[in-house]
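Small disclaimer: the values here were computed from a predicted structure and weren't measured. Whatever order the structure lists them in is the order used to number ligands and atoms, beginning at 1.
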Amino acid sequence: MPGVRILWLAGFMVLAVACKDSSVTGQDPETMEEYTALRSVASFPVGVALQSNRLNLAPHSEITRTVFNSVTAEYEMKMRHLTDPSGNYIWTRADQLTAFAKEYEMQVHGHTLVWHQSTPLWLENFNGTDVEFEGVVQTYITDVIHRYKDDIISWDVINEAFEDGSGALRNSIFRRRMGSDYMARLFQYARSADPNALLFYNDYGTIWDVKKRDSMLAMIDDFQARGIPIDGVGLQMHITYNTPPLSDIIAVMDAIVQRGLKIHISEMDVRVNPQGDLSQLTNARSELQKKRVNEIVAAFMDLPEGSRFAITWWGLRDPESWLIDFWGNPEWPLLFDSGYRPKPAYEGFLEALITN
Ligand code: 9MR
């Protein structure tokens, strides 16, 4: 097999944990001591979400930098985390993430300049005029993009702007203060801050929520008709082992490719326990997860090369996934198990890279 093989020398303790947990995936830890790094065989960036507090966790940071060549801050580049309660910048943790990425030659995708769920109170409660509010937002976008101009090649300009079900624009503080065309101006401000940064719209549910999908595509059409800059779409791939159908995923990717935009399969995780019927991961479900990952990576690789921006996993190890708290079920949605061993899903990813 081509590519960089990882000889698992991260320490006796990690190996011991891996052995102890072998029942989780049913794999023989002996065979899992060596595996091929995704970054060494992929023709596109393979990313993972990262938190700065995990940079000092040796196995975590070693696997991240060896297996992946792209990172996204899981939360530390959101507005609520880049500013203090008075609105002053706090760069420390975002700086740590970009420094790590630079040291190990990983690209950084910026997430996210604007998100209604991460609007700090100082901005929600801003008591200047609407024009002043917009000025503050423009300054924020400009400052953040400028600070990381040499380190961050792409940004989610806005995240999750459309409502579930209706596809209507969310009535966020940005919409209320800046009007219903606010997204166009956010993208323009981002482009002015750095003409070279790739600008993305990122959302979930755009595969299965038809009205949301249509609103997003209409926004792109409208932007393109008016010359508003947009370079790509982040399709948050929060899916399950059996939904949505692959054909639906491909149809949305095709619609985006037809519009000449890049596709970021962002925030990928594949739930294996959506009904809560499992108390531990079975081999059968793990194999279905592998198949699912394999078919999605294969579909991504079928896209024209210029349309493939990246695939980014929303976390490294199963127990760290946001989904466990969110859904309240045991869940194993990521590529690595609790003992830092690559799961069959990892092999599914690798096989797609090698055979396509
Ligand atoms: O996984 C992220 C979690 O660690 C953060 O606490 C949370 C709030 O910042 O955001 C989670 O990531 C979200 C992402 O930024 C946007 N799409 C939905 C993700 C899960 O909530």
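- Looking only at atom types and distance, the side chain of H109 has a donor-acceptor partner in the side chain of S154 under 3.5 Å away.
- When only modelled atom types and interatomic distance are considered, Y204 and D164 share a side-chain donor-acceptor pair under 3.5 Å.
- Under the 4.5 Å side-chain criterion, counting only non-hydrogen atoms from C-beta, L57 is in contact with Y340.
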Which protein N or O atoms sit under 3.5 Å from any N or O of ligand 1? Give each pair with its distance.
| unit_1 | atom_1 | unit_2 | atom_2 | d |
| --- | --- | --- | --- | --- |
| ligand 1 | 1 (O) | E74 | OE2 | 2.5 |
| ligand 1 | 1 (O) | W314 | NE1 | 3.0 |
| ligand 1 | 4 (O) | E74 | OE2 | 3.1 |
| ligand 1 | 9 (O) | K78 | NZ | 2.8 |
| ligand 1 | 10 (O) | K78 | NZ | 2.8 |
| ligand 1 | 12 (O) | W314 | NE1 | 3.2 |
| ligand 1 | 15 (O) | K78 | NZ | 2.6 |
| ligand 1 | 15 (O) | H111 | NE2 | 2.7 |
| ligand 1 | 17 (N) | E160 | OE2 | 2.7 |
| ligand 1 | 17 (N) | Q236 | OE1 | 3.2 |
| ligand 1 | 17 (N) | E267 | OE1 | 2.7 |
| ligand 1 | 17 (N) | E267 | OE2 | 3.4 |

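- Of the possible donor and acceptor atoms, none in the side chain of R292 sits under 3.5 Å from a partner among the backbone N and O of V270.
- In this model, a donor atom of one side chain and an acceptor atom of the other lie less than 3.5 Å apart for Y148 and D95.
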task: Please report the C-alpha distance between W115 and N202 in whole Å, then the side-chain angles of each, then the deciding distance to 0.1 Å, and finally whether the side-chain hydrogen bond (donor to acceptor under 3.5 Å, both in side chains) criterion is met.
output: CA-CA 10 Å; W115 184 27; N202 190 55; over 6 Å; no
